[in-house]
Amino acid sequence: MAEQERRLPLPPFTRETAAEKVRLAEDGWNSRDPQKVALAYTMDTQWRNRAEFIHGRQEAEAFLRRKWARELEYRLIKELWAFTDNRIAVRYAYEWRDDSGNWFRSYGNENWAFDDNGLMTTRYACLNDLPVRESERKFHWPLGRRPDDHPGLSELGL
């Protein structure tokens with residue numbers, strides 16, 4: 001397997017390495033770069049995202065392209081919920097607007113499983129969208145990586 005097919009940290013996870021994996025996933029998704037993000041998943045990755053079922057890295061990349069074309073000004077925060085040897089559960093929230101200027105905060109949970117090379121084999125996501133007024137937004141950093149000093153979900157009361 002090529003070096004780019006390894007994604008540190010590798011399982012089995014500790015609390016520290018699981019939290020690091022969560023932050024790296026958050027950073028990747030905040031890049032809104034479907035090709036780059038898709039590389040964190042196995043070629044045969046399996047996803048459930050809402051009612052959509054994704055099979056393989058190419059479908060994951062296509063899904064992400066559609067997602068970020070629709071969810072504008074996307075900003076995401078993930079938080080470690082639980083972990084075992086090769087599995088991580090997270091809760092997350094992200095804010096975005098549609099092309100009509102309506103803002104939303106989407107809340108959800110994800111269950112992840114990883115192979116020995118640290119690539120995600122499965123991603124099961126459950127989430128809901130809450131319309132919010134622009135004045136109710138909580139995620140105000142410039143597009144891209146969340147700054148280290150920006151509060152996380154727990155600190156924001158989410």
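- With Glu95 as the fixed residue, the salt bridge (Lys or Arg N to Asp or Glu O under 4.0 Å) test singles out one of Lys138, Arg75, Arg137, Arg146: Arg137.
- Taking CG from Asp98 and CH2 from Trp103, the interatomic distance works out to 10.0 Å, rounded to the nearest 0.5 Å.
- A continuous path of ILVMFWY side-chain contacts below 4.5 Å connects Tyr107 to Val132, so both sit in one hydrophobic cluster.
- Leu127 and Trp112 fall within the same hydrophobic cluster, defined by Ile, Leu, Val, Met, Phe, Trp and Tyr side-chain heavy atoms under 4.5 Å apart, directly or through other members.
- When all heavy atoms of Ala125 and Arg123 are compared, the closest pair comes out as CB-NH2, 3.8 Å.
- For Arg50 against Glu71, the heavy-atom pair with the smallest separation is NH2-OE2, 4.4 Å.
- In this structure, Leu80 is a member of the same hydrophobic cluster as Tyr92, with clusters built from ILVMFWY side-chain heavy atoms closer than 4.5 Å.
- Under the 4.0 Å criterion applied to side-chain N and carboxylate O atoms, Glu20 and Arg23 are not assigned as salt-bridge partners.
- A salt bridge links Lys78 to Glu110: one of the charged nitrogens lies within less than 4.0 Å of a carboxylate oxygen.
- Scanning all heavy atoms of the two residues, the minimum distance from Pro11 to Asp85 falls at CB-O, 3.3 Å.
- Side-chain contact check for Asn111 and Arg87: no donor-acceptor pair (N or O, by modelled atom type) lies under 3.5 Å.
- Dense packing is recorded around CD of Glu73, with more than 12 heavy atoms of other residues, nucleotides or ligands lying under 6.0 Å away.
- The pair Arg57-Glu61 does not meet the salt-bridge criterion, since no charged nitrogen lies less than 4.0 angstrom from a carboxylate oxygen.
- Atom CG of Asp33 sits in a crowded spot, with more than 12 heavy atoms from other residues, nucleotides or ligands closer than 6.0 Å.
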Distance-only criterion, 3.5 Å: show the donor-acceptor pairs between side-chain atoms of residues 151-158 and protein atoms not counting sequence neighbours.
unit_1	atom_1	unit_2	atom_2	d
Ser154	OG	Glu79	OE1	2.9
Ser154	OG	Glu79	OE2	3.0
Glu155	OE1	Gly152	N	2.9

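- Asn109 places no side-chain N or O within donor-acceptor distance of the main-chain N or O of Cys126, the cut-off being under 3.5 Å.
- Using a distance-only test at 3.5 Å, with no hydrogens or angles considered, no donor-acceptor pair links the side chain of Thr42 to the main chain of Leu119.
- Leu64 and Tyr74 end up in the same hydrophobic cluster when Ile, Leu, Val, Met, Phe, Trp and Tyr side chains are linked at under 4.5 Å.
- Every residue meeting the ring pair (Phe, Tyr, Trp, His ring centres under 6.0 Å) condition with Phe104, not counting sequence neighbours, appears here in chain and number order: Trp96.
- A distance-only check finds no donor-acceptor pair linking the side chain of Arg65 to the backbone of Phe63 [under 3.5 Å].
- Rounded to the nearest 0.5 Å, atoms CG (Asp116) and CG (Asn86) are 8.0 Å apart.
- The neighbour count for Trp68 CH2, taken as heavy atoms of other residues, nucleotides or ligands under 6.0 Å away, is above 12.
- The residues Arg66 and Glu52 are annotated as salt-bridged, a charged nitrogen and a carboxylate oxygen being separated by less than 4.0 angstrom.
- Residues Ile77 and Trp29 are members of separate hydrophobic clusters, defined by side-chain heavy-atom contacts under 4.5 angstrom among Ile, Leu, Val, Met, Phe, Trp and Tyr.
- The local environment of CG in Asn128 is sparse, with at most 12 non-hydrogen atoms from other residues, nucleotides or ligands closer than 6.0 Å.
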